[in-house]
Protein chains: 2
Amino acid sequence: MTSKNSARGRPRGGSTDKRAAMLDGALTVFARDGYTRASIDTIAEAAGVSTRTIYNHFRGKAELFEAVIQASAARTAQRQIEVIDRHLRKVTDLAADLIEFGLEWASPNAGPSEHFALVRQINAEAAHIPEAAIEAWQENGPLRVRRELAGHLRRLSEQGLLRVTNTDRAAVHLLVLIGAWNPSYPGAEPSAEEITEMVTTGVHAFLHGYVP
Amino acid sequence: MTSKNSARGRPRGGSTDKRAAMLDGALTVFARDGYTRASIDTIAEAAGVSTRTIYNHFRGKAELFEAVIQASAARTAQRQIEVIDRHLRKVTDLAADLIEFGLEWASPNAGPSEHFALVRQINAEAAHIPEAAIEAWQENGPLRVRRELAGHLRRLSEQGLLRVTNTDRAAVHLLVLIGAWNPSYPGAEPSAEEITEMVTTGVHAFLHGYVP
DNA sequence: GGTGAAGTGCAATGAGCGTTGTATTTATTG
DNA sequence: CAATAAATACAACGCTCATTGCACTTCACC
């Protein structure tokens with residue numbers, strides 16, 4: 001959401017939601033331009049704050065970047081876990097429920113697409129990010145989500161609906177299958193029909209495989 | 001150094017393998033540091049040439065980057081297609097052959113790991129690369145490889161060993177399954193045992209799925 | 001041996017950017 | 001209203017880096 005100060009005026013004075021605005025603006029710029037290309041001036045403008053305020057809240061660009069990573073990962077993981085629980089808590093028709101889950105999972109409104117652009121930046125920049133920050137991000141983000149999904153798969157397996165030995169591996173397989181679409185070029189967003197086709201074929205492959 | 005004269009247009013004064021050296025060095029630096037962070041001086045040092053020579057061969061940093069992308073994609077696609085054909089031309093035991101294919105596919109000696117680091121850089125930088133360059137890369141690289149794999153899957157389907165309706169989709173599914181491992185953090189290379197487990201479970205999921 | 005293109009070393013230019021200091025302005029609080 | 005903390009505008013420093021020009025060297029080939 002945009003803060004009370006975003007468009008044209010000059011925000012002044014003491015308010016503490018500046019931090020959220022800075023994290024939001026920095027997410028936008030870091031996701032689009034990457035760490036090195038993103039400039040503090042651009043981030044400050046996107047956040048509606050002055051560059052000096054950024055340095056009053058964070059020790060520097062690197063610390064801001066790590067804060068953005070943690071914040072975006074936590075928020076996205078939260079939303080993704082909600083999607084997982086909503087569709088897999090009570091399963092009546094396994095294939096249908098998995099497809100509905102996949103559709104909401106792959107639809108862009110589930111999580112901000114900026115977050116996934118940021119993930120691409122992290123994957124590219126991983127060698128220049130402190131290992132502790134990477135591990136914290138993995139733990140509070142992808143790994144946490146994956147464990148949640150793995151738990152549901154284990155339960156479904158105990159109910160006899162699935163045959164899973166390695167639940168973590170199965171969770172990874174399901175996630176990559178419902179997210180596997182052929183991009184004409186990176187950055188192109190799939191259409192609604194492409195998402196539907198991707199999810200249905202992915203779920204079908206996850207359930208039955210390709211052997212007759 | 002070894003002076004190698006090829007039949008291609010030969011320059012008068014110096015040796016022509018300077019260009020290959022520049023592309024190699026630039027690949028190393030671009031893959032590790034990314035486009036923005038990589039400096040021309042670092043690339044020149046890695047290639048064993050002077051910075052001025054780089055500007056005598058390429059109009060600038062951007063053109064060098066695009067040349068590196070095309071060269072690395074073409075070379076890697078060539079090797080990957082060889083791996084595909086070698087293992088899938090004659091299939092005796094489908095599961096065993098797919099596993100052997102996946103093992104060589106996922107082993108780092110198949111293609112230089114620098115190439116995949118470069119791909120991560122491309123995915124992150126895609127918004128700042130001319131669309132024509134992205135499309136050329138896709139066409140001569142990933143899409144070409146994927147079509148080759150899809151052709152084999154179609155043949156196997158016609159032989160009754162597989163049941164594939166959308167061959168391109170199936171190729172994507174196979175590739176993501178044999179490459180789906182849980183990274184503790186990006187950049188960590190999987191061990192030989194982890195690769196084996198990843199490939200075998202991936203092939204098994206591709207063939208049979210997770211439903212009893 | 002001479003020639004000319006390719007390669008090299010050096011220096012300089014110019015722009016962009018992270019970061020900091022300082023004086024000023026605003027909003028909150030007692 | 002006064003005091004205080006937060007936010008801002010402005011300017012400056014220092015550094016990195018892409019790019020270019022120029023003189024010089026090297027090497028293949030006539």
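These figures come from a predicted structure and were not determined experimentally. Each chain gets a letter, A, B and so on, in the order its sequence line appears, and its residues count up from 1.
For A/T76 (side chain) and A/A73 (main-chain N/O), no donor-acceptor pair under 3.5 Å exists by modelled atom type. Side-chain N or O atoms of A/Q121 include one that pairs as donor or acceptor with a backbone N or O of B/A124 at under 3.5 Å.
Separating the CZ atom of B/F58 from the C1' atom of C/dG7 is a distance of 15 Å, rounded to the nearest angstrom. Remark: C1' of C/dT22 and CG of A/N56 are 12 Å apart, rounded to the nearest angstrom. As rounded to whole Å, 7 Å separates atom P of C/dT20 from atom CZ of A/R52. B/I54 places its CD1 atom 14 Å from the C1' atom of C/dG9, with the value rounded to the nearest Å.
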Identify every side-chain donor-acceptor pair in residues 26-33 of chain B under 3.5 Å, counting partners at least two apart or on other chains, and give the distances.
{"from": "B/T28", "atom 1": "OG1", "to": "B/D24", "atom 2": "O", "distance (Å)": "3.2"}
{"from": "B/T28", "atom 1": "OG1", "to": "B/E114", "atom 2": "OE2", "distance (Å)": "3.0"}
{"from": "B/D33", "atom 1": "OD1", "to": "A/H128", "atom 2": "NE2", "distance (Å)": "3.2"}

Show me the donor-acceptor pairs, under 3.5 Å and distance only, between side chains in residues 38-49 of chain B and residues at least two apart or in other chains.
{"from": "B/S39", "atom 1": "OG", "to": "B/T42", "atom 2": "N", "distance (Å)": "3.1"}
{"from": "B/S39", "atom 1": "OG", "to": "B/T42", "atom 2": "OG1", "distance (Å)": "2.7"}

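Using a 4.0 Å cut-off between a side-chain N of Lys or Arg and a carboxylate O of Asp or Glu, A/E197 and B/R169 qualify as a salt bridge.
Listed nucleotides C/dG18, C/dG7, D/dT8 differ in distance to B/T53; the shortest reach to its side chain belongs to C/dG7. Checked against C/dG9, D/dA18, D/dT8, the side chain of B/S50 finds its nearest nucleotide in C/dG9. For A/Y55, the side-chain atoms get nearest to C/dT19 when compared with the rest of D/dA9, D/dA18, C/dT19. Side-chain proximity of A/H57 to C/dT8, C/dG21, D/dA7: nearest is D/dA7.
Among residues two or more places apart in sequence or in another chain, the salt bridge (charged side-chain N to carboxylate O under 4.0 Å, His left out) test is passed with B/R59 by B/E63.
Evaluation of the ring-ring contact (aromatic ring centres under 6.0 Å, His included) test over residues 130-149 of chain B, restricted to residues two or more places apart or in two chains, returns none.
For the contact set between residues 59-69 of chain B and DNA chain D, defined by any heavy atom under 4.0 Å, the members are B/G60, B/K61. Heavy-atom distances under 4.0 Å link DNA chain D to B/A38, B/S39, B/I40 of residues 26-49 of chain B, given in residue order.
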Report the C-alpha distance between B/F101 and B/L174 in whole Å, list the side-chain angles of each, state the deciding distance to 0.1 Å, and finish with yes or no for side-chain contact (heavy atoms from CB on, under 4.5 Å). CA-CA 11 Å; B/F101 156 68; B/L174 176 57; 4.2 Å; yes

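With 3.5 Å as the limit, one finds no donor-acceptor pair spanning the side chains of B/E66 and B/Q70.
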